[in-house]
Amino acid sequence: MSVLLAGCATSSEDYPSLALRDFERTGSFTAPDARPTLTPAPLPTDTRERLAALAAQLDQAHARFMEYAPTARRLANQATGTQPGDDRWASAQVAFAALDSERSQSAVVLGDLDLLYADTTLDFVVREEVEAARDASLVKIRQEDAILAELRGLVER
């Protein structure tokens, strides 16, 4: 045991002193200001162009959906109370399929907008335009979903 403690008893000249040095006694330390404000980069031009193209695709798909919705509504009203196998029921189902197809086109655009939103978040660029386009697409898709649910409800009565 004494051999181990002997290793600690070497000359103090081999190690620096832990006493305060003169330059440590003067001066003051100031805490840095609050966290620096980070500002996202502007939305790149190619991203802005992609966003405009997606918004145009969504508008076209939604316009086609809304254009065909009155025809589907008429066919759904005619099919109210019918059973599978009836021509009116089949016509209504074909109309629903056409509306579903246009709704699917809107959903594809929403998926692309979701990816674009994730990319802008990860790239730390301004994403408000992407978020606004995404929110607008959700409103249109919800409107389409409500119309489809209403029309299907007419036939299922």
Partners passing salt bridge (charged side-chain N to carboxylate O under 4.0 Å, His left out) against E144 (at least two apart in sequence or in another chain) =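 Per chain and number, E144 pairs via salt bridge (charged side-chain N to carboxylate O under 4.0 Å, His left out) with no residue.
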query = Apart from L138 itself, what residues make up its hydrophobic cluster, given side-chain heavy atom links below 4.5 Å?
reply =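 Direct or chained contacts put L138 with L110, I141.
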ask   = How does the hydrophobic cluster around L18 look, that is, which other residues are in it when side-chain heavy atoms under 4.5 Å mark a link?
value =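 Noted: L18 shares its cluster with no other residue.
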Which pairs would a plain distance check flag for residues 92-100, meaning a side-chain donor or acceptor within less than 3.5 Å of a matching protein atom at least two apart in sequence or in another chain?
{"from": "D100", "atom 1": "OD1", "to": "R152", "atom 2": "NH2", "distance (Å)": "3.3"}
{"from": "D100", "atom 1": "OD2", "to": "R152", "atom 2": "NH2", "distance (Å)": "2.4"}

key: Flag, side chain of S106 to backbone of A61, donor-acceptor distance under 3.5 Å   =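 Absent.
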task = Name all residues meeting the side chain to side chain contact (heavy atoms under 4.5 Å, CB included) criterion together with E131; count only those two or more places apart in sequence or in a different chain, and write none if there are none.
result =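 For E131, the residues satisfying side chain to side chain contact (heavy atoms under 4.5 Å, CB included) (neighbours in sequence not counted) are Y117, D135.
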What residues form a side-chain hydrogen bond (donor to acceptor under 3.5 Å, both in side chains) with [X], not counting sequence neighbours?
X    : value
Q143 : H62
D59  : K140
D123 : none
S104 : none

Could you pull out every donor-acceptor pair under 3.5 Å between side chains of residues 65-79 and any protein atom, sequence neighbours left out?
{"from": "R73", "atom 1": "NH1", "to": "E150", "atom 2": "OE2", "distance (Å)": "2.7"}
{"from": "N77", "atom 1": "ND2", "to": "R73", "atom 2": "O", "distance (Å)": "3.3"}

key: Pairs satisfying side-chain hydrogen bond (donor to acceptor under 3.5 Å, both in side chains), at least one member in residues 36-46, at least two apart   =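 Checked against side-chain hydrogen bond (donor to acceptor under 3.5 Å, both in side chains) - neighbours excluded - no pair reaches residues 36-46.
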Identify all side-chain donor-acceptor contacts of residues 47-54 below 3.5 Å with residues at least two apart in sequence or on another chain.
{"from": "R48", "atom 1": "NE", "to": "E129", "atom 2": "OE1", "distance (Å)": "3.2"}
{"from": "R48", "atom 1": "NE", "to": "E129", "atom 2": "OE2", "distance (Å)": "3.4"}
{"from": "R48", "atom 1": "NH1", "to": "L43", "atom 2": "O", "distance (Å)": "3.4"}
{"from": "R48", "atom 1": "NH2", "to": "E129", "atom 2": "OE2", "distance (Å)": "2.7"}

